[in-house]
Amino acid sequence: MTVESFGARLRRAMDERGPLCVGIDPHASLLAEWGLGDDVAGLERFSRTAVEAMADRVAVLKPQSAFFERFGSRGVAVLEKSVAEARAAGALVVMDAKRGDIGSTMAAYAESFLHKDAPLFSDALTVSPYLGYGSLSPAVVLARESGAGLFVLALTSNPEGGEVQHAVRADGRDVGATMLAHLAAENEGETPLGSFGAVVGATLGDLSSYDLDINGPLLAPGIGAQGATPADLPAVFGSAVRNVVPNVSRGVLRHGPDVGALRAAADRFADEVRAAVESS
């Protein structure tokens with residue numbers, strides 16, 4: 001049986017639900033804002049509420065693995081349940097784990113998140129290519145087999161990222177551009193959208209010197225609390241804006257724990273992103 005690709009599922013979800021990814025980031029300050037304890041019980045309540053509020057309406061939910069892992073095995077159990085329930089409600093799940101290693105270790109990371117039978121199986125995984133793009137090969141192969149996807153760190157919004165991503169190679173191309181070129185090759189000929197995306201910050205301003213048309217999705221953190229707005233997207237991403245998946249975390253989550261308020265915030269951001277994309 002042919003497995004539908006992540007890119008195809010993502011294109012449909014974005015067209016039907018709006019191009020938006022909401023992060024599930026249960027860090028201590030947000031748990032406190034919600035009146036919850038910084039413990040497993042608070043983590044479970046936070047995650048269950050976020051999934052209940054948004055999994056039936058947003059295209060993508062992106063749990064940040066670290067905020068679950070810090071509670072040990074019980075926290076990972078909450079993450080497993082959250083992933084399963086979000087996917088059952090129709091949201092695509094991007095696991096934000098930023099894994100990156102070599103050989104059998106990279107293969108094990110891939111199996112943890114991209115194997116169909118894994119308890120943490122997700123529609124896509126964030127990965128770091130800075131041991132060399134080729135080190136991601138086990139994840140690329142397994143993602144293709146499972147109909148999953150990857151989001152590769154390429155041009156991130158953190159200020160420290162530039163010392164690596166803007167470093168210029170012997171061929172005159174910087175490292176970030178090299179990662180985009182690798183992804184364009186992975187996605188060549190795929191329709192309606194490739195499954196291998198890049199992480200590109202929405203706060204980076206003019207990126208016209210980069211070829212962002214990789215025939216794959218661009219996961220764009222920075223909307224909301226980090227200062228970027230949906231209206232900024234066309235100027236930042238140019239002709240690739242239709243393939244942008246803007247990520248909002250605190251901008252939505254701060255409206256919790258009220259389910260109705262979370263839904264309204266997610267709907268508002270999705271509508272604003274759709275309007276910005278359609279007007280470009």
Non-hydrogen atoms of [X] and [Y] that approach each other most closely:
X: Ala266; Y: Val58; value: CB-CG1, 3.9 Å
X: Ser65; Y: Leu79; value: OG-CD2, 4.0 Å
X: Gly42; Y: Leu31; value: O-CD2, 3.7 Å
X: Leu136; Y: Ser128; value: CD2-O, 3.5 Å
X: Leu207; Y: Val236; value: CB-O, 3.6 Å

Treating [X] as the side-chain partner and [Y] as the backbone partner, does any N or O pair qualify as donor plus acceptor under 3.5 Å?
X: Ser279; Y: Ala276; answer: yes
X: Asp123; Y: Val93; answer: yes
X: Trp34; Y: Leu253; answer: yes
X: Ser280; Y: Pro234; answer: no
X: Ser135; Y: Gly132; answer: yes
X: Thr105; Y: Asp101; answer: no
X: Asp206; Y: Ser208; answer: yes
X: Thr126; Y: Lys98; answer: yes
X: Arg99; Y: Leu125; answer: no

Evaluate the criterion side-chain contact (heavy atoms from CB on, under 4.5 Å) for residue pair Asn247 and Ser249; output intermediate values, then yes/no. CA-CA 7 Å; Asn247 177 73; Ser249 295; 3.4 Å; yes
Would you say the side-chain atoms of [X] and [Y] include a donor-acceptor pair closer than 3.5 Å?
X: Ser195; Y: Asn187; result: no
X: Asp96; Y: Gln64; result: yes
X: Gln165; Y: Thr156; result: yes
X: Arg169; Y: Thr178; result: yes

Between [X] and [Y] (salt bridge meaning N to carboxylate O under 4.0 Å), is one present in this structure?
X: Arg70; Y: Asp38; value: yes
X: Asp258; Y: Arg263; value: no
X: Arg268; Y: Asp271; value: no
X: Glu4; Y: Arg12; value: yes

Do [X] and [Y] sit in the same hydrophobic cluster, where Ile, Leu, Val, Met, Phe, Trp and Tyr count as joined when their side-chain heavy atoms come under 4.5 Å apart?
X: Phe121; Y: Tyr109; result: no
X: Phe113; Y: Phe67; result: no
X: Met179; Y: Tyr210; result: yes
X: Leu114; Y: Leu131; result: no
X: Leu204; Y: Val164; result: yes

Should Asn215 and Glu186 be marked as a side-chain contact (heavy atoms from CB on, under 4.5 Å) after you check the CA-CA gap, both sets of side-chain angles, and the distance that decides it? CA-CA 9 Å; Asn215 190 34; Glu186 298 286 3; over 6 Å; no
Among Asp211, Val175, Leu212, which residue satisfies the side chain to side chain contact (heavy atoms under 4.5 Å, CB included) criterion with Leu180? Leu212
Derivation of the salt bridge (charged side-chain N to carboxylate O under 4.0 Å, His left out) call for Arg242 and Glu278: CA-CA 8 Å; Arg242 185 169 180 266; Glu278 291 177 350; over 6 Å; no
Report, as yes or no, whether the 6.0 Å neighbourhood of atom [atom1] on [X] holds more than 12 heavy atoms from other residues, nucleotides or ligands.
X: Lys81; atom1: NZ; result: no
X: Arg45; atom1: CZ; result: no
X: Glu188; atom1: CD; result: no
X: Ile102; atom1: CD1; result: no
X: Arg173; atom1: CZ; result: yes

Tyr133 vs Leu183, test: side-chain contact (heavy atoms from CB on, under 4.5 Å). Steps then yes/no. CA-CA 10 Å; Tyr133 183 84; Leu183 293 167; 3.9 Å; yes
For Leu10 and Leu193: C-alpha separation, side-chain torsions, deciding distance, then whether side-chain contact (heavy atoms from CB on, under 4.5 Å) applies. CA-CA 8 Å; Leu10 178 61; Leu193 186 67; 4.3 Å; yes
Once you round to the nearest 0.5 Å, how far does [atom1] of [X] lie from [atom2] of [Y]?
X: Leu262; Y: Glu52; atom1: CG; atom2: CD; answer: 9.5 Å
X: Arg17; Y: Met54; atom1: CZ; atom2: CE; answer: 12.0 Å
X: Ser82; Y: Arg87; atom1: OG; atom2: CZ; answer: 13.5 Å
X: His27; Y: Asp25; atom1: NE2; atom2: CG; answer: 6.0 Å
X: Glu44; Y: Asp39; atom1: CD; atom2: CG; answer: 10.5 Å

Classify the ring geometry of Phe6 against Phe151: parallel below 30°, tilted from 30° to 60°, perpendicular beyond 60°. perpendicular
